[in-house]
Amino acid sequence: MKPKSLLAFLLIGAFLGYFVFHPISMALGHLMHRENVYAEHSLPAVLAQSFSLHMLPWGFSFAVVFGLMGYMLQRIRLNEDLLRQANMDLDSKVEERTAELSMANQKLSEQTSQALLGYEIGKVLVRDIDLQSLLQLCTESIVRNLDAAFARIWAMDEKKNRLELMASAGMYTHLDGNHRYIPIGSLKVGMIAKEKKPYLTNEVLGDPLISDQEWVRREGMAAFAGHPLVIGDKLVGVMAMFAKQPLQDITLKALASISDEIALGIERKRSEEQIHFLAYYDRLTGLPNWHYFKKILEKAVVFAARYQQTFALCHIDIDDFGRINNTLGHKAGDECLKIVSSRLSNALRNSDDLARMSAEVSPLARRGNDEFIILLQAVDSAEKAAHAVDRIRRELSSPYQLDGHEVFLSASIGLVLYPDDGDDVDDLLKNVETAMISAKKGGKNNFRFYSKQMNEAALEMLDLEAKLRKAIEERAFLLYYQPKVDITTRKTVGMEALLRWKGPDGGFISPAKFIPLAEANGLIVPIDNFVLKAACLQNKKWQESGLEKMSVGVNVSGLQFGRTDFVQNVLTALDNSGLEPRYLELEVTETTIMIDPERAVRNLNELKEIGVQVSLDDFGTGYSSLNYLKQLPLDSMKIDISFIRKVAADPKDAAIVKTIIAMAHNLNLRVVAEGVEDEQQLEFLKGHDCDLIQGYLFSPAVPAVEFPELAQGIWQLA
């Protein structure tokens, strides 16, 4: 095609040169040079002569020149076409190569992610961490390297024949929910476990095994991959992931490759945990064994010595446990020990430690396998230790149902305190065993401190607690009322309800003695409720009898104030008594408020909205935040008696009292000084504009029958 094309343009150029451009050049020459020889001829003659024989060389020259020009022009055109085609071919090849390189890079990136995933999983599986933490790191690696929306791993619970969710990463990190426990054969994950086969799909929308299709649509999920985690033929778990993009083959291969690694990791970790359990825990009860407990105790001693803390150690021996084995058999005895260990665990705080002193591991328990030992953390007194032990005894005293028989048990318990009864592990263990043996010899169902003085104090405290519980049941409490006197008008303008307890012998038991005990064991809550209800009822009764209306102050303990039903209890007391809210004043301490200041502000604001008055009691004795102080809906502030006692003699106390009064007035609060006992204190408070006075200078707290007459008088103040 190309040579013929070039020859054609050569002939066309030659034809045009001879028959067109040669005659035209002759005509132009004739017109431009009329004076020469051409002028003798006419233009037609010149044109005719251009084809004559003697002009043949010129015509041939034109033909050659223009033929060559045509040839060259076509040659150039052909070269341009070739160059254009070459460029197009090159661009096409570049695009193809770019696409190939892009695919290669993508494949390389996927292979790198797969390799990195395998590396990370392998690195994680050899770490010395617990199983749940290990699996959590695995799911995080899957999400990070395989572009998963989220990934999860369930471990097989063979005893309950179900899967337990152990790790979740990506969109969802929580472990609680509908998929926390999945029975084998239930849902897609349970089916994977049952069939022990992977389940892979890039079309989760419409997949019958994906139950929540609305969630799939809402979250834009596209793919799901689930793999059984199997060792041999044993299922140890299931791994699954969702993705918002279709999963490529290389991703599926990556999941398949790591599933075996994770399965091996689960099995290895469980084997390690089983070995650890056998080494450090009692097989029957699941409690730490003696060897492990000694390590715990050693650390407790080091920590307590470093930070100057105290703790208690209890040695518990179940009384006459051998009769269970002898009469009902060892199986019933084992079941009984499981129940005992469970009850002991329930009776302890999370910070305490409990262990079984089984015969296999403890020389102290060679007399039998019915002994336990407890470490009570942060117990700083014999009274607190005795209270904890009494709680344990009550827990153990409930009847046991064993093999169709109702059985009652008791325990002998020895107690020691660190560092009073020993400052190292060996001394503590020796002395606590001695105390336990002493309790057993003392008649069983008993406890003994290693120290005689501690024994006496603990027994006295337990006796007081028993009486206190009985007093609550029998409503043996009384309310006395102490007047609050306006320092200017000398009139009684309010009162404080104070709790009194008349003991079985007829004498009064000091609130300073039983209130701390009630707060320690939670009995303060029913006591506070009694005071609140009784004070509201009494105040309403006085008002109906014609006594001038005034507010009654009621102290609020930290336990009562911290209860979720505190506000409702106040509202109920007001409603039942018919007392208007403005005649009830709640006295709350700084310490109580600062336990949860934001909640305190909410609760007090709610009560303030209905008209209840609020007083900040014992100001200056606790730690308060001025930021929260200005947010509290207070009506008054009470200066603690510890500042009033020496206000006339101690310049520092005087300065503190003056500052409190000034600050309270700047916050538009009334100031109440409590514990005023002499004229000098009174003069000081009058001189610095204190508002209300309360104390023995005017009157101690009196029974309800005496208060009306007291309240109607005018005090002759100095």
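Not measured: the values here are computed from a predicted model. Side-chain atoms are counted along with the backbone in the values below, which use heavy atoms only and exclude waters and symmetry mates.
Judged by distance alone, the side chains of S410 and D319 do bring a donor and an acceptor atom under 3.5 Å apart. Donor-acceptor pairing under 3.5 Å is recorded for the side chains of D130 and S133. Side-chain N/O atoms of Q613 and K608 include no donor and acceptor closer than 3.5 Å. Side-chain contact, Q560 with N529: a donor N or O sits under 3.5 Å from an acceptor N or O. Inspection of the S168 and Q136 side chains reveals no N or O donor paired with an N or O acceptor under 3.5 Å. Under the 3.5 Å distance criterion, with hydrogens and angles disregarded, no donor-acceptor pair is assigned to the side chains of N446 and S412.
For the pair S397 (side chain) and R394 (backbone), a donor-acceptor distance under 3.5 Å is present. Using modelled atom types, no side-chain atom of S438 and backbone atom of T434 make a donor-acceptor pair closer than 3.5 Å. Distance alone, capped at 3.5 Å, is enough to place a donor-acceptor pair between the S510 side chain and the A512 backbone. Here the side chain of D423 pairs no donor or acceptor atom with the backbone of Y418 at under 3.5 angstrom. For the pair R448 (side chain) and L415 (backbone), a donor-acceptor distance under 3.5 Å is absent. Side chain of S615 to main chain of D617: no donor-acceptor pair is present (N/O by atom type, distance under 3.5 Å, no hydrogens or angles). Between the R393 side chain and the N445 main chain, a donor and an acceptor come within less than 3.5 Å of each other. A donor-acceptor pair under 3.5 Å links the side-chain atoms of N605 to the main chain of V601, judged by distance alone. D390 contributes no side-chain N or O that, together with a main-chain N or O of A386, makes up a donor-acceptor pair within less than 3.5 Å. Under the 3.5 Å distance criterion, the side-chain polar atoms of N431 are matched with a main-chain donor or acceptor of D427.
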The test is side-chain contact (heavy atoms from CB on, under 4.5 Å); show your working for T492 and F707 and say whether it passes. CA-CA 11 Å; T492 299; F707 185 78; 4.3 Å; yes
Decide yes or no on salt bridge (Lys or Arg N to Asp or Glu O under 4.0 Å) for E395 and R343, but give the supporting numbers first. CA-CA 6 Å; E395 190 75 28; R343 291 186 180 183; 5.4 Å; no
Pair K440, D317 - check salt bridge (Lys or Arg N to Asp or Glu O under 4.0 Å), show working. CA-CA 8 Å; K440 215 168 188 64; D317 182 273; 2.3 Å; yes
Please step through side-chain contact (heavy atoms from CB on, under 4.5 Å) for the pair N603 and L607, ending with a clear verdict. CA-CA 6 Å; N603 285 349; L607 292 170; 5.5 Å; no
Please evaluate residues T589 and T592 with respect to the criterion side chain to side chain donor-acceptor pair (under 3.5 Å), reporting the C-alpha separation (whole Å), side-chain torsions for both, the decisive distance (0.1 Å), and the verdict. CA-CA 5 Å; T589 65; T592 296; 2.9 Å; yes
Would I318 and V340 count as a side-chain contact (heavy atoms from CB on, under 4.5 Å) here? Give the steps. CA-CA 9 Å; I318 305 301; V340 168; 4.1 Å; yes
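F684 is listed as a side-chain neighbour of V657, based on a closest heavy-atom distance under 4.5 Å. Counting only heavy atoms from C-beta outward, the side chains of L692 and V671 never approach each other to under 4.5 Å. Residues V425 and K294 meet the side-chain proximity criterion, which asks for heavy atoms closer than 4.5 Å. Between L710 and V702, some side-chain heavy-atom pair lies under the 4.5 Å cut-off. By the 4.5 Å heavy-atom criterion applied to side chains, L586 and V612 are counted as neighbours. Y292 has its side chain out of reach of L297: every pair of non-hydrogen atoms, C-beta onward, lies at least 4.5 Å apart. Within the 4.5 Å cutoff, the side chain of E587 has no heavy atoms near those of the V554 side chain. Side-chain contact between F530 and F477 is present, with at least one heavy-atom pair separated by less than 4.5 Å.
Heavy atoms of other residues, nucleotides or ligands lying less than 6.0 angstrom from NZ of K533 number 12 at most. In K384, the NZ atom is not crowded: 12 or fewer heavy atoms of neighbouring residues, nucleotides or ligands sit closer than 6.0 Å. Counting non-hydrogen atoms of other residues, nucleotides and ligands closer than 6.0 Å to OH of Y696 gives a total of 12 or fewer. Counting heavy-atom neighbours within 6.0 Å of N666 CG, excluding the residue itself, gives a total above 12. Counting heavy-atom neighbours within 6.0 Å of E298 CD, excluding the residue itself, gives a total above 12.
Taking the ring centre of Y480 as origin, the terminal cationic atom of R500 falls inside the region bounded by 6.0 Å and 45° from the ring axis.
Going from atom CG of D678 over to atom CD of E683 covers 10.5 Å, rounded to the nearest 0.5 Å. Annotation: the span from L697 atom CG to I693 atom CD1 amounts to 8.5 Å, rounded to 0.5 Å. Taken from CZ in F514 to CG in L468, the straight-line distance is 7.0 Å, to the nearest 0.5 Å. D640 contributes atom CG, which lies 10.5 Å from atom CG of D653 (distance to the nearest 0.5 angstrom). Between L429 atom CG and H315 atom NE2 the span is 9.0 Å, to the nearest 0.5 Å. For the atom pair CD1 (I661) and NZ (K658), the distance works out to 9.5 Å, reported to the nearest 0.5 Å.
Here the closest non-hydrogen pair linking H665 and D689 is CE1-O, 2.9 Å. Counting all heavy atoms, side chain and backbone alike, L479 lies closest to A497 at CD1-CB, 4.4 Å. S557 and E519 get closest at one heavy-atom pair: CB-OE2, 4.3 Å. For the residue pair P511 and L499, the shortest heavy atom distance occurs at CG-O, 3.7 Å. When all heavy atoms of V647 and A654 are compared, the pair lying nearest together is O-CB, 3.4 Å. P700 approaches P483 most closely through the heavy-atom pair O-CD, 4.3 Å.
With respect to the salt-bridge test (charged N to carboxylate O, under 4.0 angstrom), the residues D486 and R490 do not qualify. With salt bridges taken as basic N to acidic carboxylate O contacts below 4.0 Å, one links K491 and E548. Ionic pairing of D565 and R563 is present here: one or more N-O contacts between side-chain nitrogen and carboxylate oxygen are shorter than 4.0 angstrom. Using a 4.0 Å cut-off between charged nitrogen and carboxylate oxygen, R391 and E465 do not count as a salt-bridge pair.
In this pair, Y481 and W542 present their aromatic rings perpendicular. The plane angle is above 60°, beyond the 30 to 60° band. Below 30°, between 30° and 60°, or above 60°: for H174 and Y172 the angle between ring planes is above 60°, a perpendicular geometry.
The only member of K484, Q482, M550 that meets side chain to side chain contact (heavy atoms under 4.5 Å, CB included) when paired with M495 is M550.
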